[in-house]
Amino acid sequence: MDSILDLLSDEHTWEEFLSYRLMKGRFNWYEFDRADTYVAQQQYLPVASRLQRGEPLSVPTRHLVNKMGSGRKRVVYSFPDDEQTVLKVMAYLLYRYDAQLTPNCYSFRRGLTAHDAIRQLLQATGQQPMWAFKLDIHDYFNSIDIGLLLPILSSVLSDDARLYAFFEQMLTDGRSLTDGHVVNEQRGIMAGTPTSPFLANVYLSEVDRHFAQCGAIYARYSDDIILFAPTRQQLDGYRATLEQFLRKYHLEANPDKVRIYSPDEAFDFLGFKCHADSIDIADATLRKMKDKIRRKAHALQRWRSRNGVEGEKAMKALISQFNKKFFESDDSSTLSWARWFFPVINRVEGLKQIDHYMQQNLRFVATGRHNKANYRISYAQLKQLGYRSLVAEFFRQDRCSSQGGAA
């Protein structure tokens, strides 16, 4: 079997990668055209050749970015664009090891998605009342202990010693470029880099395997884990085992995201709120989106007031920002709200809340007030400015899917 490092210089590999991403909707046409030119001109060869000779990557740059839906920051890393692009293809090729992971790990898999996790959990828990325990691992990617990861990775990559040597070199070099200075730090597997999702799946594969073998209803999506049991006593036993594993792997749960659900409660997982056969958007997800809308609306209203900008222009700006977030996504490598939630939810109460809140804040942007007089700005006017209702788009997409299936 060819080493993945050798495949990085194969034009057929790159053409297959582009086709896959296009079919998955991960490119717009401008991005695809640019990537197609990159491949046609074989601009990947210098980096691929360096890696094949065993040369290291550049020192990655450390960034602080806003954590989605909150004012908090998170640390991510990136390599120069040409190296980052080659790492994306490497991550694509790493799916050859997907069969070594267990089916209860749903993150960044082929043939398994977060949507499968929700559906399978509801199916598994629908036969009897269940207790649930959920946790989120704090700063998971950057906290991974490389000394513990490498033996696990060596076993997974036992048929590709050169690829393992590449990862060993990359992961044990603790340097990063921070504010223009090279520093040494604990980087873990470097959140933000294309190969980090694969490494995150590998690191806790023993945990996934343990709960699969003992027959527990369990799901992990990267750093989010949920467990179910018919009794509180059994759930507490599962919880103790899981926490023991976290200590073994030098990880900590985020205390704000540890939760026990009783059998009569809806449980939250991956942004969804689930109970019996009902699937809606989780309350915490709604709060984060409302906070984001409110912050953007207040910033635009202040800008409008200071600069004497017409309210209509400010409303258009807010609409444009959230149309991208809801329906298009600013980043083609991530899913928009519509692509994440619409295929799974079967309730629209959450969408109605966001629609109502968005319309309130659009009117606030134009007037600087929250009062009944704002409703002089009609819904029809909002639509003329480009506003798209989440509820209307959900039913339109659902209707299109039904007609497609009927055809």
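By convention here, the first residue in the shown sequence is residue 1. Side-chain atoms are counted along with the backbone in the values below, which use heavy atoms only and exclude waters and symmetry mates.
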Test item: [X] side-chain N/O and [Y] main-chain N/O as donor-acceptor pair under 3.5 Å:
X: S155; Y: P151; result: no
X: R304; Y: V365; result: yes
X: D355; Y: L390; result: yes
X: T285; Y: I281; result: no
X: R187; Y: D173; result: yes
X: S378; Y: Q381; result: yes
X: Q234; Y: T231; result: no
X: Q52; Y: L5; result: yes
X: N142; Y: A191; result: yes
X: N323; Y: G386; result: yes

Within 6.0 Å of [atom1] in [X], more than 12 heavy atoms from elsewhere:
X: H356; atom1: NE2; result: no
X: K290; atom1: NZ; result: yes
X: H63; atom1: NE2; result: yes
X: N346; atom1: CG; result: yes
X: Q123; atom1: CD; result: no
X: Q244; atom1: CD; result: no
X: D81; atom1: CG; result: no

>> Once you measure the plane-to-plane angle for Y20 and Y95, does it fall in the parallel (<30°), tilted (30-60°) or perpendicular (>60°) bin?
In response: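 Taking Y95 first and then Y20, their aromatic rings sit tilted (interplane angle of 30° to 60°).
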
>> For Y92 and F17, take the angle between the two ring planes, folded into 0 to 90°, and tell me which bin it lands in: parallel under 30, tilted 30 to 60, perpendicular over 60.
In response: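 It falls in the perpendicular class, over 60°.
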
Tell me the closest heavy-atom pair linking [X] and [Y], and the distance in Å.
X: L251; Y: Y203; answer: CD1-CE2, 3.9 Å
X: I279; Y: C274; answer: CG2-SG, 4.3 Å
X: L270; Y: A114; answer: CD1-CB, 3.6 Å
X: D116; Y: G111; answer: OD2-O, 3.7 Å
X: L318; Y: M358; answer: O-CE, 3.8 Å
X: P230; Y: Q128; answer: CB-OE1, 3.6 Å

Establish, yes or no, whether a centroid distance under 6.0 Å links the rings of [X] and [Y].
X: F267; Y: F228; answer: yes
X: H115; Y: Y106; answer: no
X: F133; Y: Y238; answer: no
X: W14; Y: Y44; answer: yes
X: F394; Y: F342; answer: yes
X: Y221; Y: F108; answer: yes

>> Between R396 and E393 (salt bridge meaning N to carboxylate O under 4.0 Å), is one present in this structure?
In response: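 Yes, this pair counts.
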
>> Looking at E55 and R53, is there a salt bridge between them, counting it only when a charged N and a carboxylate O are closer than 4.0 Å?
In response: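 Result for this pair is yes, salt bridge flagged.
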
For the residue pair [Y] / [X], report whether a side-chain donor-acceptor contact shorter than 3.5 Å exists.
X: E252; Y: S143; value: no
X: Y387; Y: Q359; value: yes
X: E83; Y: S58; value: yes
X: D224; Y: Y140; value: no
X: D208; Y: Y218; value: yes

> Sequence neighbours excluded, which residues qualify as salt bridge (charged side-chain N to carboxylate O under 4.0 Å, His left out) partners of E243?
Replying inline: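 Result, salt bridge (charged side-chain N to carboxylate O under 4.0 Å, His left out) vs E243: R239.
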
Distance, nearest 0.5 Å, that separates [atom1] of [X] from [atom2] of [Y]:
X: L171; Y: L153; atom1: CG; atom2: CG; answer: 7.0 Å
X: F198; Y: T193; atom1: CZ; atom2: OG1; answer: 12.5 Å
X: K352; Y: D280; atom1: NZ; atom2: CG; answer: 10.0 Å

> Listed by chain and number, what are the side chain to side chain donor-acceptor pair (under 3.5 Å) partners of Q43, not counting sequence neighbours?
Replying inline: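 Partners of Q43 under the side chain to side chain donor-acceptor pair (under 3.5 Å) test: Q41.
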
> salt bridge (charged side-chain N to carboxylate O under 4.0 Å, His left out) between E185 and R175: does it pass, once the steps are laid out?
Replying inline: CA-CA 6 Å; E185 62 175 346; R175 294 176 299 163; over 6 Å; no

> Can you check side-chain hydrogen bond (donor to acceptor under 3.5 Å, both in side chains) on Y97 and N201, steps first, answer last?
Replying inline: CA-CA 11 Å; Y97 298 102; N201 280 353; over 6 Å; no

>> By the definition side-chain contact (heavy atoms from CB on, under 4.5 Å), identify the one residue from L163, D6, V86 that meets it with L51.
In response: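 So, applying the side-chain contact (heavy atoms from CB on, under 4.5 Å) to L51 and each of L163, D6, V86, only V86 qualifies.
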
>> Would S305 and Q301 count as a side-chain hydrogen bond (donor to acceptor under 3.5 Å, both in side chains) here? Give the steps.
In response: CA-CA 6 Å; S305 298; Q301 204 283 324; 2.9 Å; yes

> Please, which pairs that meet side-chain hydrogen bond (donor to acceptor under 3.5 Å, both in side chains) have at least one residue in residues 263-273, sequence neighbours excluded?
Replying inline: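 The answer is R259-E265, S262-D264, S262-E265, K273-D283.
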
